[in-house]
Amino acid sequence: MIDQLLPANVWAFMVATLVAVSWVEICKYLSMKGWLQAWQRRKLLHIFTGPLFILTWPLFTDDLSGAQWAAAVPLVMTLKFIAVGLGWLNDPDMILSASRNNQRSDLLKGPTLYGIIFVISTTFYWKQLQAVLCLFVLCFGDGFAEICGRAYGVNNRIFYSREKSWAGFTGFVVSSLLTTWVFIALYGSYLFGKPLESHTQLIGRIVFDCIGAGLVETLPFSDIDNVTVFGAALLSDRLFTRLFLSHR
């Protein structure tokens, strides 16, 4: 009945957008109630917005049209980041929730790069395991690196990057490893529509990706860490595939 009114991908786009907007509004409400500090709200959006979007991927078709409609979801949000960051739109709440320093120009850095990464990954790695691995590492790993670093990193700063800590690195690896493995183990066959590789190989692959991206996250590139972390995860995954999976 629904498909008779609008194409399936249009409905999927509407649902995915509703999920994203609802999550933003939930975080906004928690912040207004005083239950979240500004940085905590920013981290919750960074950590969960992407995975919630990936949860909606099965709603879209498997073909190029499905990929394009799905990519339109982060694209719309990214265009808004750009518009607000350039001053074309006035949205103080978005600046407060997504910027590091409460400056609109901050939206042109991390948030915009975050959105572009999701647009590209959705378009060119549609419903592929590699995309999910790298995006989860970006969302959970990079997010929990700051949380753990703030909480436990005062006395274990990294000598080559004093704003980073080994506690943050540990939080990066552990959080991204556990969440990625649990998600793929429980949801992977439904998302990808086919059996996955053995659990042993999968865990090894995730560990390899998490450590590689985690080490890069410790470098002092805070303005572009979304790009460097995702890129490191992607390169690590390709290296693992070449070394251990290409000859199977």
Side-chain angles (χ1 to χ4, degrees), residues 1-3 5-61 65-100 102-123 125-127 131-132 135-136 138-140 142-144 146-147 179 183 187 190-191 226 230:
M1 181 64 179
I2 291 179
D3 291 348
L5 298 176
L6 285 174
N9 285 325
V10 176
W11 283 106
F13 170 81
M14 294 169 63
V15 171
T17 302
L18 177 62
V19 170
V21 172
S22 298
W23 174 238
V24 171
E25 290 301 313
I26 289 172
C27 290
K28 180 180 179 179
Y29 174 79
L30 295 176
S31 180
M32 290 175 57
K33 289 297 234 180
W35 297 338
L36 291 177
Q37 298 179 34
W39 75 269
Q40 293 171 326
R41 179 181 174 184
R42 176 171 57 84
K43 282 292 107 177
L44 281 179
L45 289 171
H46 177 94
I47 291 170
F48 291 106
T49 302
L52 286 172
F53 168 58
I54 294 173
L55 279 172
T56 68
W57 281 10
L59 300 177
F60 297 88
T61 57
S65 176
Q68 292 172 336
W69 274 102
V73 178
L75 177 61
V76 169
M77 302 190 74
T78 303
L79 291 176
K80 186 175 181 181
F81 283 139
I82 295 173
V84 175
L86 292 174
W88 298 344
L89 287 178
N90 182 34
D91 191 338
D93 186 70
M94 173 173 279
I95 296 172
L96 178 65
S97 66
S99 66
R100 291 178 183 266
N102 202 25
Q103 300 291 324
R104 63 178 175 82
S105 59
D106 288 346
L107 299 180
L108 300 174
K109 301 173 185 177
T112 295
L113 294 174
Y114 182 95
I116 291 173
I117 287 169
F118 267 87
V119 172
I120 293 174
S121 300
T122 304
T123 302
Y125 297 93
W126 180 230
K127 294 188 179 181
V132 175
L135 292 173
F136 262 65
L138 169 63
C139 295
F140 284 99
D142 189 51
F144 276 95
E146 180 175 348
I147 293 174
T179 55
F183 177 83
Y187 199 68
Y190 175 61
L191 174 60
N226 285 336
F230 178 79

Margin query: Looking at every heavy atom in both Pro111 and Ala98, which two are closest together, and how far apart are they?
Written below: CG-O, 3.3 Å
Notebook entry, point to check: Which value, rounded to the nearest 0.5 Å, describes the distance between Leu45 atom CG and Cys27 atom SG?
Noted result: 4.0 Å
Checklist line | CG on Leu86 to CZ on Phe81, rounded to 0.5 Å | finding: 13.5 Å
Side-chain donor-acceptor contacts of residues 113-120 below 3.5 Å, not counting sequence neighbours, with atom names and distances?
unit_1, atom_1, unit_2, atom_2, d
Tyr114, OH, His46, O, 2.8
Tyr114, OH, Gly50, N, 3.2

Notebook entry, point to check: So, do Tyr29 and Met32 sit near enough that their side-chain heavy atoms are less than 4.5 Å apart?
Noted result: no
Check: For Leu138 and Phe230, which heavy atoms make the closest approach, and how far apart are they?
Finding: CD2-CB, 4.5 Å
Notebook entry, point to check: Which distance, rounded to the nearest 0.5 Å, do you find between the CG of Leu108 and the CD1 of Ile82?
Noted result: 7.0 Å
Next item on the list: Decide side chain to side chain contact (heavy atoms under 4.5 Å, CB included) for Val132 and Trp57; before the verdict, give the C-alpha distance in whole Å, the side-chain angles of both, and the deciding distance to 0.1 Å.
Entry: CA-CA 11 Å; Val132 175; Trp57 281 10; 4.2 Å; yes
Notebook entry, point to check: Can you tell me how far the OG1 atom of Thr61 sits from the NZ atom of Lys127, to the nearest 0.5 Å?
Noted result: 6.5 Å
Next item on the list: Evaluate the side-chain proximity of Phe13 to Thr56: yes if any heavy-atom separation is below 4.5 Å, no if none is.
Entry: no
Next item on the list: Would you please name every residue forming a salt bridge (Lys or Arg N to Asp or Glu O under 4.0 Å) with Lys28, sequence neighbours left out?
Entry: none
Notebook entry, point to check: Nearest heavy-atom pair of Glu146 and Trp39: which atoms, and what distance?
Noted result: OE2-CE3, 4.0 Å
Note to self: Under the salt bridge (charged side-chain N to carboxylate O under 4.0 Å, His left out) definition, can you give me all pairs with a residue in residues 89-98, not counting sequence neighbours?
What the structure shows: Arg41-Asp93, Lys80-Asp91
Next item on the list: Report the distance from atom OG of Ser99 to atom CZ of Arg42, rounding to the nearest 0.5 Å.
Entry: 8.0 Å
Check: Atom CZ of Arg104 and atom CG of Asn90: how far apart are they, to the nearest 0.5 Å?
Finding: 9.5 Å
Donor-acceptor contacts under 3.5 Å from residues 69-76 side chains, at least two apart:
none

Item checked: Sequence-distant partners of Lys109, salt bridge (Lys or Arg N to Asp or Glu O under 4.0 Å), two or more places apart -> none
Next item on the list: Please examine the side chains of Ile54 and Tyr187, heavy atoms only from C-beta on, and report whether any two atoms are closer than 4.5 Å.
Entry: no
Next item on the list: State, to 0.1 Å, how close Thr78 and Thr112 come at their nearest heavy-atom pair, and which atoms those are.
Entry: CG2-O, 3.8 Å
Check: Can you find a pair of side-chain heavy atoms, one from Met77 and one from Val24, that are under 4.5 Å apart?
Finding: yes
Check: Does the side chain of Leu135 reach to within under 4.5 Å of the side chain of Phe53, using non-hydrogen atoms?
Finding: no
Margin query: Trp23: which residues meet the ring pair (Phe, Tyr, Trp, His ring centres under 6.0 Å) condition with it, sequence neighbours left out?
Written below: Phe48
Margin query: Between Val19 and Leu55, is the side chain to side chain contact (heavy atoms under 4.5 Å, CB included) condition met? List the steps.
Written below: CA-CA 10 Å; Val19 170; Leu55 279 172; over 6 Å; no
